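What follows is a short report on a single structure.
Order of the sequence lines sets the chain letters (A, B, ...), proteins ahead of strands, with each chain counted from 1. Because only heavy atoms are used, hydrogens play no part in the values below, and waters and symmetry mates are left out as well, while side chains stay in. Quick caveat, the model's predicted, so the values are computed rather than measured.
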2 protein chains.
Amino acid sequence: MELDNTELLSHKKINSCIPDSKITQYQKGDFIFQAGAPGKNIYLLNKGRIKLYRLAPAGKKVTQWFCFPGEVFGLAELPSKKERTIYAQCCESCEVSEIPLNQFRDLLSSSPDIALQVIEQLTMRLKIVGDTLLNFTADDSRSRIIKLLVRLNTRFGVSHNNRRLIDVALTHKELADMIGACRQTVTTILGDLKREGKIEFINHRISFRSPAALEALIDQRG
Amino acid sequence: MELDNTELLSHKKINSCIPDSKITQYQKGDFIFQAGAPGKNIYLLNKGRIKLYRLAPAGKKVTQWFCFPGEVFGLAELPSKKERTIYAQCCESCEVSEIPLNQFRDLLSSSPDIALQVIEQLTMRLKIVGDTLLNFTADDSRSRIIKLLVRLNTRFGVSHNNRRLIDVALTHKELADMIGACRQTVTTILGDLKREGKIEFINHRISFRSPAALEALIDQRG
DNA sequence: ACTGTTTTGTCGTGTACACGACATTATTTA
DNA sequence: TAAATAATGTCGTGTACACGACAAAACAGT
């Protein structure tokens, strides 16, 4: 299982201009860091997409965040100085700037502008994770999927034949993991929605009339 | 229903020294702000305890955070400038400093130290909300309660008769809301734990041998 | 083109837990 | 100290959904 609070991410991007940073290229599937690692660095994503997730003992995943260019990650250990609890894995080839924690601190002190952007990024994420949490307790699987699609639309949606198309290929497993459901449930619900004529599939990408039309499907309870 | 990610909060407190801030006293039950309000201010809690929560349409609550003295709140609207989605309600009588958003921005620019503390607070919260999210998908009610007790212990735990005592009076409803369960389930599970001799009640406060002893009760599944 | 692997679709079956309904006991408030 | 309100304890009953099992389809590698 895998969660994703990621869809709507901060619109505040930091330009890839961290001075004296070490820049590294990664391949799809590579880990920037894994849970258990010491965690002495802060990262800025320049290019690509990175999935930040946790792993429960039973092997369930919780995708905390999808990082996009301009976003800082690996901050969680800033206060605690403990080891990482999160996995950071590349979804595609990525370029990442990396600086040590204390250097990052200095940077923030000397660049109030960057500090403010970091604060805005964090704030935004906190809000979205909060939304997700609410979503979890309040909604059933169907509503969760619908809301997920709406959120995905705001990040990956493109216009296509006078409709909206979520322009990212995602498997049912991935979708399931984003909303804390099991794969079969997602398959069934997606099948229902398709049968109802609410969504269409264009090679693993989901298309629908409009976000509003989708939202109208959310039952009263949620 | 009501969630709480609050238990372990940032250890970074900001001294109540925001210049030119308006200081207000509140009574228990008062709202500092409610969802739907414009949200042009940032707050710093000087004294008391504040519950930050969301409300789902069906009336379910999700407690996002318990604010303690030295913590900043009301930030979520910093980037979006939209209306608030959160309720901030006093759990007891509180003293709160309040400054307008842009003044807060200026403050951050001129005081990198405060900016850093804010970043650390946010980071800490993000981590905890993430934990909660994982907790939600991976654990059943019993494990959620046990883990909640462990977390509560780190914040409110005191030593008492060579045992740990969570020194806050919480109703079953409140506990239920913290873990996204219904009240009856909490009553039952707490009853089980008591019958098993794992916990005791000392006027609405929960006591147990040790956090480790509690954690041992978490079943293998995770 | 052939074969292994991943993804999708569709069944049951089992179960955790929400929800309503009460009775009982605390805790406020008048 | 009575009356009202809130908190607890304990029942069913219903249901959403996880999980296992498998078949079919799509995709990838050689």
Side-chain angles (χ1 to χ4, degrees), chain A residues 1-3 28-29 56-62 91 134-148 168-196 199-206 218-222, chain B residues 1-3 27-29 56-62 91-92 135-146 148 168-196 199-206 218-222:
Chain A
M1 217 177 278
E2 185 179 327
L3 283 177
K28 175 179 178 176
K60 298 191 175 190
K61 266 192 203 171
V62 176
C91 302
L134 181 63
N135 195 219
F136 258 75
T137 35
D139 300 323
D140 64 5
S141 303
R142 183 174 223 257
S143 300
R144 294 219 294 276
I145 289 184
I146 293 167
K147 289 186 180 175
L148 174 64
V168 187
L170 293 162
T171 69
H172 293 182
K173 174 78 172 69
E174 284 179 307
L175 291 168
D177 292 345
M178 289 178 194
I179 57 159
C182 73
R183 192 226 95 217
Q184 294 96 316
T185 302
V186 171
T187 300
T188 305
I189 293 172
L190 246 31
D192 291 347
L193 290 173
K194 182 179 177 169
R195 234 166 285 120
E196 294 167 25
I199 61 172
E200 278 172 39
F201 297 102
I202 302 175
N203 61 293
H204 288 228
R205 287 154 30 252
I206 296 172
I218 297 170
D219 66 64
Q220 310 312 25
R221 284 169 300 157
Chain B
M1 217 177 274
E2 185 179 325
L3 281 178
Q27 297 298 311
K28 175 179 177 174
K60 298 190 175 190
K61 266 191 202 172
V62 175
C91 302
E92 50 195 72
N135 195 220
F136 257 76
T137 36
D139 300 323
D140 64 4
S141 302
R142 185 173 220 257
S143 299
R144 294 219 295 276
I145 289 184
I146 292 167
L148 174 64
V168 186
L170 293 162
T171 69
H172 293 183
K173 175 78 171 69
E174 284 179 305
L175 290 168
D177 293 344
M178 289 178 196
I179 57 158
C182 74
R183 193 226 93 218
Q184 294 95 316
T185 301
V186 171
T187 301
T188 305
I189 293 173
L190 246 31
D192 290 348
L193 290 173
K194 183 179 177 168
R195 233 165 286 121
E196 293 167 26
I199 61 171
E200 280 172 38
F201 297 103
I202 303 173
N203 61 295
H204 288 227
R205 288 156 26 254
I206 296 171
I218 298 170
D219 67 63
Q220 310 311 27
R221 283 168 302 160

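In terms of the side-chain contact (heavy atoms from CB on, under 4.5 Å) criterion, residue partners of B:T185 (sequence neighbours excluded) are, by chain and number, B:S141, B:C182, B:I189. Looking at residues two or more places apart in sequence or on another chain, you find a side chain to side chain donor-acceptor pair (under 3.5 Å) between A:T187 and A:H172, A:R183.
Across all strands shown, A:T171 has heavy atoms under 4.0 Å from sugar-phosphate atoms exclusively, and none from any base. Within 4.0 Å of A:S141, counting heavy atoms only, lie sugar-phosphate atoms of the nucleic acid but no base atom. Residue contacts shown for B:R195 are limited to sugar-phosphate atoms, with no base heavy atom under 4.0 Å away.
Counting to the nearest Å, the C1' atom of C:dT8 and the CG atom of A:L190 are 11 Å from each other. What separates CD1 of B:I189 from P of D:dT8 is a distance of 15 Å, to the nearest Å. Whole-Å rounding puts the B:D140 CG to C:dC17 C1' distance at 10 Å. One atom, CG of B:L175, and another, C1' of D:dA7, lie 12 Å apart when rounded to the nearest Å. The distance from atom CZ of B:F201 to atom P of D:dG9 is 6 Å, rounded to the nearest whole Å. Regarding A:R144, its CZ atom lies at a distance of 13 Å from the P atom of D:dA16, rounded to whole Å. Whole-Å rounding puts the A:K173 NZ to C:dT7 C1' distance at 12 Å. In this entry the distance linking CZ of A:R205 with C1' of D:dA26 reads 16 Å, nearest Å.
At least one side-chain heavy atom of A:L190 sits under 4.5 Å from a side-chain heavy atom of A:L175.
Counting distance only, with no hydrogens placed and no angle test, the side-chain atoms of A:Q184 and the base atoms of C:dG9 include no donor-acceptor pair under 3.5 Å.
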Each nucleotide N or O in nucleotides 22-28 of chain C that has a protein N or O under 3.5 Å away: list the pair and distance.
none

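Here B:I179 contributes atom CD1 and B:D139 contributes atom CG; the two are 10.0 Å apart, rounded to the nearest 0.5 Å.
Of all non-hydrogen atoms in A:I218 and A:S143, the two that sit nearest each other are CG2-OG, 3.7 Å.
Checking D:dT10, D:dC17, C:dG9 against every side-chain atom of A:T185, the shortest atom distance belongs to D:dC17.
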